[in-house]
Amino acid sequence: MLRDAIATAASWLKAAPPGHPGINTIAARIVELASHPKWEVRHDVAHLAGQTLHPAFDASLSNLVEDDNARVSRAAVQANIRRRDAASSAGRGKQYDDKINAALDDIESRFGLPGRQAV
């Protein structure tokens with residue numbers, strides 16, 4: 001149930017227009033879940049953080065990178081990389097970003113996270 005709510009929030013954040021007053025509230029509530037006792041919830045928070053550049057996720061991602069659960073830690077590392085990639089391409093057009101991210105995703109699927117980081 002909680003994981004479904006995180007997925008719904010992720011979809012909403014993607015669709016919300018920039019500057020919408022609810023963005024900060026939703027982001028803050030999701031960040032609170034970064035210390036949830038269930039690793040699956042922390043994993044979902046890390047995954048969602050990789051889909052947004054909202055600064056509310058910065059501190060929680062740093063903590064999740066060092067999570068005791070390897071899956072959570074790996075998801076947080078991947079989220080940081082995706083956020084870095086998105087931030088570095090923010091000045092370019094969306095179509096260009098999509099091509100770059102698709103290429104990086106392909107490299108990651110073939111060579112793993114170290115391959116993506118190397119590129």
Side-chain angles (χ1 to χ4, degrees):
M1 181 97 163
L2 184 55
R3 295 183 71 203
D4 292 336
I6 293 171
T8 301
S11 296
W12 186 87
L13 284 172
K14 282 183 180 179
H20 188 285
I23 292 174
N24 291 335
T25 303
I26 296 294
R29 298 239 174 146
I30 293 169
V31 166
E32 290 173 7
L33 297 174
S35 59
H36 194 276
K38 291 193 173 228
W39 73 266
E40 297 93 344
V41 173
R42 297 190 312 273
H43 178 272
D44 289 350
V45 170
H47 182 73
L48 185 152
Q51 300 173 15
T52 178
L53 292 177
H54 195 287
F57 292 100
D58 293 346
S60 62
L61 268 177
S62 295
N63 293 334
L64 290 173
V65 164
E66 299 188 22
D67 196 275
D68 291 337
N69 185 287
R71 291 178 182 170
V72 174
S73 177
R74 189 172 30 242
V77 168
Q78 290 173 334
N80 276 328
I81 291 168
R82 289 184 185 280
R83 289 166 60 91
R84 181 201 64 207
D85 293 347
S88 69
S89 64
R92 298 178 210 117
K94 172 127 175 70
Q95 185 178 19
Y96 180 79
D97 290 349
D98 291 344
K99 286 181 181 180
I100 294 294
N101 286 326
L104 289 170
D105 290 344
D106 182 49
I107 290 166
E108 183 178 346
S109 69
R110 294 175 64 195
F111 302 105
L113 188 56
R116 183 185 182 111
Q117 288 175 314
V119 171

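As the structure is a computational prediction, the values presented were derived from the model and not from experiment.
Between Leu104 and Asp85, the closest side-chain pair of non-hydrogen atoms falls below 4.5 Å.
When all heavy atoms of Leu64 and Ala34 are compared, the pair lying nearest together is CD2-O, 3.4 Å. Across every non-hydrogen atom of Ala10 and Gln51, the tightest pair is CB-OE1, 4.1 Å. Of all the heavy atoms in Ile26 and Ala9, the pair that sits closest is CG2-CB, 3.9 Å. Between Ser109 and Asp106, the shortest heavy-atom contact is OG-O, 2.8 Å.
Note that the CG atom of Asn80 and the OG atom of Ser62 stand 6.5 Å from one another [nearest 0.5 Å]. From Ile6, atom CD1 reaches atom CZ of Arg29 across 13.5 Å, with rounding to the nearest 0.5 Å. A distance of 10.0 Å separates OG of Ser60 from CG of Leu48, quoted to the nearest 0.5 Å.
Screening residues 62-76 for salt bridge (charged side-chain N to carboxylate O under 4.0 Å, His left out) gives Arg42-Asp67 as the qualifying pairs, with residues at least two apart or on separate chains. Within the structure, the salt bridge (charged side-chain N to carboxylate O under 4.0 Å, His left out) test picks out no pair touching residues 10-19 (sequence neighbours left out). A ring-ring contact (aromatic ring centres under 6.0 Å, His included) check over residues 18-72, counting only residues at least two apart or in different chains, returns the pairs Trp12-His20.
Under the side-chain contact (heavy atoms from CB on, under 4.5 Å) test applied with Ile30, the options Val41, Thr52, Leu13, Thr25 reduce to a single match, Leu13.
Partners of Val77 under the side-chain contact (heavy atoms from CB on, under 4.5 Å) rule, at least two apart in sequence or in another chain, are Val65, Ile81, Leu113, Gln117. Residues meeting the side chain to side chain donor-acceptor pair (under 3.5 Å) test with Asp58, sequence neighbours left out: Arg83. Considering only residues two or more places apart in sequence or on other chains, Glu108 meets the side chain to side chain donor-acceptor pair (under 3.5 Å) condition with Gln78, Arg116. Scored by the salt bridge (charged side-chain N to carboxylate O under 4.0 Å, His left out) test, Arg3 finds Asp44 as partners (sequence neighbours excluded).
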TODO: Run the numbers on Arg82 and Asp105 for salt bridge (Lys or Arg N to Asp or Glu O under 4.0 Å), then give the verdict.
DONE: CA-CA 10 Å; Arg82 289 184 185 280; Asp105 290 344; 2.9 Å; yes

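Hydrophobic cluster membership is shared by Val31 and Val72, with clusters built from Ile, Leu, Val, Met, Phe, Trp and Tyr side chains linked at under 4.5 angstrom.
For the pair Ser73 (side chain) and Asn69 (backbone), a donor-acceptor distance under 3.5 Å is absent.
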